[in-house]
Amino acid sequence: MRVRFAPSPTGDLHLGGARTALMNYAFTKAHSNGKFILRIEDTDQERSSRASEEAISKALKACGILWDEGPDCGGALGPYRQSERLDIYKNHIDTLLENRKAYRCFFTDDELAQMKETSGQKIFRLPDTYRSLTQDAAQNLVDQGKPYTIRLDVSQCASEYTFKDMLKDSVVLPSLMVDDFVIYRSNGFPTYNFAAAVDDHLMEMTHVIRGEEHLSNTLRQLMVYDAFDWVPPTFLHMPLIMGRDAEGNPSKLSKRHGDVSVLTFLEKGVLPEAFTNYLLTLGYTYPNNVEMYSLDELISGFDLQYFSKSAAFWDIKKLYWYNTEYLKQMSDDDFFDLAKKYLTPETVPENFYNALETFKACIVYYKAHIELLSELPEHLALFFDPAQELSNESKTYLSDAENAEAFWRVQDALLELIRPDCVFSEVLNQVKEKTGLKGKRLFMSIRVALTNASSGPELSEIVDRVPTDWLLTRLRAFNRES
RNA sequence: GACCCUAUCGUCUAGCCUGGUCCAGGACACUACCCUUUCAAGGUAGUAACACGGGUUCAAAUCCCGUUGGGGUCGCCA
């Protein structure tokens with residue numbers, strides 16, 4: 001069994017691609033002799049880049065996907081970059097030309113556009129002009145230097161193609177769906193449908209697993225297989241991942257729905273395990289109502305029956321839920337180590353950064369309180385931010401007159417009581433005495449006064465760790481006018 | 001528009017093949033309560049779905065037909 005993931009390196013790996021790669025990988029590894037191949041489809045010279053290829057490799061590895069053959073590690077049926085296989089495509093094109101299964105088409109873009117417009121037909125079909133041209137006449141035009149593309153002669157194909165998709169009943173695709181399509185560009189590069197079919201055959205792919213948007217490409221590729229008398233692989237078209245635009249209209253998930261780059265999510269602090277776990281739940285159900293599982297666990301019980309047939313919507317809240325769950329499962333030490341990557345001299349002040357170890361317990365508190373690791377610096381601001389003015393949540397708390405009245409009394413008391421080496425329990429008792437306050441109003445007043453926030457770790461944790469002068473700076477910054 | 005795919009809570013889905021155990025189960029989200037002198041987390045409970053219309057059958061979410069809805073594709077992009 002041999003399957004591939006074949007991205008075109010025109011940007012980061014996106015969510016849909018990651019899901020396709022994950023499923024291909026799982027499908028292969030669920031079989032003892034399965035080989036997973038990475039093929040780079042860089043036939044679009046303008047948009048492809050080596051940087052994108054590297055970004056995609058990085059994202060795949062981060063998701064735990066490793067390939068047996070690919071451009072970096074080689075393999076028996078390479079090369080694995082389509083731009084390095086140009087002579088192979090050329091040979092196959094020549095065969096088709098000789099057999100008259102394909103022909104040179106000399107129409108320019110303008111001519112094509114004009115014919116389409118003036119044809120008046122609902123579906124435009126190319127005229128016979130170049131399809132029926134003799135070899136000599138065509139050669140003549142080539143010699144004159146006229147640019148041309150090479151098109152597959154679809155009129156020679158069967159009237160319909162039937163194939164068995166692993167997820168569906170037989171799919172019947174009428175050949176009328178497509179006109180003679182370009183398989184070879186005027187710049188000497190093959191097009192996707194041609195290169196993919198040739199490569200899948202030459203690289204001996206047994207299965208092709210991809211998104212449902214490729215269903216109509218399957219027809220074209222089947223036609224290429226047919227032209228060469230090759231036996232096509234088995235196909236599986238997965239339901240799409242959908243997004244909603246601002247108006248709530250659904251469509252295939254893409255950039256306009258927000259972040260779709262795998263690397264961006266990982267950089268923001270989504271754990272790879274959480275990310276892959278969520279992606280794996282879209283269009284596939286792990287049996288027995290189990291929600292949390294690893295890629296390996298999915299592989300060990302992998303079965304086509306668990307695929308669903310309809311599209312699934314991308315739900316970022318559920319992704320974050322998974323992330324929170326995985327975060328909570330981490331050990332304190334592991335979490336702290338990970339947190340340090342987000343608490344750098346760039347994201348937190350130097351004096352706090354240098355005291356990171358002191359605050360370990362407070363930082364670990366956030367294990368169960370954040371969705372994304374990248375939120376950490378802003379949450380921790382209550383420890384180190386001198387806070388020149390009241391935060392919005394503080395203002396909200398103080399918008400209640402009674403709250404505000406208590407708050408200013410507490411602030412006065414704290415200003416007197418907070419001094420070096422003070423112990424929170426003592427300060428608390430003295431504030432209680434001085435102000436006569438108790439309960440929620442007392443604690444919230446102290447919390448807001450000292451942290452400029454209405455939530456956070458235990459007050460004692462904060463007061464006993466944060467240097468006194470940090471606390472005083474903040475206390476002095478607040479006054480009744482603000 | 002043509003062709004193809006698809007249809008269970010707001011969302012991800014179980015159940016459908018092998019009709020009855022389903023006045024439809026789980027999870028996310030949401031709401032309420034408990035816990036808690038903060039916010040969360042945790043615990044408990046709750047709201048919420050078989051697209052519609054015809055068949056077949058003693059019986060249909062489950063089988064058949066049609067309608068409607070949604071999506072995808074229609075490039076010298078992949």
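Proteins get letters first, then strands, A, B, ... in listed order; numbering begins at 1 in each. As the structure is a computational prediction, the values presented were derived from the model and not from experiment.
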In chain order, what residues pass the side-chain hydrogen bond (donor to acceptor under 3.5 Å, both in side chains) check against A:Asp315, with sequence neighbours excluded?
none
A:Tyr284 side chain vs A:Asp303 backbone, donor-acceptor pair below 3.5 Å:
yes
side-chain hydrogen bond (donor to acceptor under 3.5 Å, both in side chains) partners of residues 8-25 of chain A, not counting sequence neighbours, each pair once:
A:Asp12-A:Ser261
When you compare B:rC52 with B:rC58, how far apart are their C1' atoms, in angstrom units rounded to a whole number?
25 Å
Applying side-chain contact (heavy atoms from CB on, under 4.5 Å), can you list everything that pairs with A:Asp169, at least two apart in sequence or on another chain?
none
Say we look at B:rC23 and B:rC50: how far apart would their P atoms be, to the nearest angstrom?
14 Å
Under the salt bridge (charged side-chain N to carboxylate O under 4.0 Å, His left out) rule, what do A:Glu53 and A:Arg81 come out as? Steps first, then yes or no, please.
CA-CA 10 Å; A:Glu53 181 187 322; A:Arg81 250 179 229 112; 2.9 Å; yes
Candidate nucleotides B:rC12, B:rU8, B:rA78, ranked by approach to the side chain of A:Ser310 - the nearest
B:rU8
Cationic tip of A:Lys268 above A:Phe265 ring, under 6.0 Å, 45° of axis:
yes
Take A:Asp169 and A:Thr281, find for each the nucleotide of RNA chain B with the closest heavy atom, and name the residue whose nucleotide sits nearer the 5' end.
A:Asp169
Quick one: label A:Val172 by what it contacts on the DNA or RNA (base, sugar-phosphate, nothing), any heavy atom closer than 4.0 Å.
sugar-phosphate
Under a 3.5 Å cut-off for both contacts, is B:rC33 paired Watson-Crick or G-U wobble with anything, and if yes, with which nucleotide?
B:rG43
Partner lookup for B:rU11, please. Criteria are Watson-Crick or G-U wobble with both distances under 3.5 angstrom; report none if nothing qualifies.
B:rA27
Across all strands, who's sitting opposite B:rC16 as a Watson-Crick or G-U wobble pair, both distances under 3.5 Å?
none
Polar atoms only, N or O, under 3.5 Å: list the protein pairs with nucleotides 46-53 of chain B and their distances.
none

Pairs under 3.5 Å (N/O, protein and nucleotides 71-73 of chain B):
{"unit_1": "B:rG71", "atom_1": "OP1", "unit_2": "A:Pro250", "atom_2": "O", "d": "3.0"}
{"unit_1": "B:rG72", "atom_1": "OP1", "unit_2": "A:Lys252", "atom_2": "N", "d": "2.9"}
{"unit_1": "B:rU73", "atom_1": "OP1", "unit_2": "A:Lys252", "atom_2": "NZ", "d": "3.0"}
{"unit_1": "B:rU73", "atom_1": "O2'", "unit_2": "A:Ser216", "atom_2": "OG", "d": "2.7"}

Partners passing side-chain hydrogen bond (donor to acceptor under 3.5 Å, both in side chains) against A:Gln45 (at least two apart in sequence or in another chain):
none
A:Phe235 six-ring face occupied by A:Arg210 cation (under 6.0 Å, within 45°)
no
Can you check the distance between B:rU18 and B:rU31, where both ends of the measurement are the P atom (answer in whole Å)?
44 Å
Going 5' to 3' through nucleotides 32-44 of chain B and flagging B where a protein heavy-atom sits under 4.0 Å of the base, S where only the sugar-phosphate is that close, and - otherwise, we get -----BBBBSS--
All side-chain hydrogen bond (donor to acceptor under 3.5 Å, both in side chains) counterparts of A:Tyr326, not counting sequence neighbours
A:Asn277
Dump every N/O contact between nucleotides 60-67 of chain B and the protein below 3.5 Å, one line per pair.
none

With a 3.5 Å distance limit and no angle check, can you tell me whether A:His237 reaches the backbone of A:Gly211 through a side-chain donor-acceptor pair?
no
Which residues share a side-chain hydrogen bond (donor to acceptor under 3.5 Å, both in side chains) with A:Asn323, sequence neighbours left out
none
May I ask you to say what A:Gly283 touches in the nucleic acid, namely base, sugar-phosphate or nothing, with a heavy-atom cut-off under 4.0 Å?
sugar-phosphate
Taking the minimum atom-to-atom distance to the side chain of A:Lys317, which one of B:rC12, B:rA29, B:rC4 wins?
B:rA29
Could you tell me the Watson-Crick or G-U partner of B:rG69, where both distances fall under 3.5 Å? Say none if there is no partner.
B:rU6
Quick one: which residue pairs count as a ring-ring contact (aromatic ring centres under 6.0 Å, His included) with a foot in residues 164-183 of chain A, not counting sequence neighbours?
none
Per nearest nucleotide of RNA chain B, the residue lying toward the 5' end, A:Lys318 or A:Tyr306, is A:Tyr306
Can you pull out every side-chain hydrogen bond (donor to acceptor under 3.5 Å, both in side chains) where at least one residue sits in residues 147-162 of chain A? Sequence neighbours excluded, please.
A:Asp153-A:Ser155, A:Asp153-A:Gln156, A:Tyr161-A:Asp226
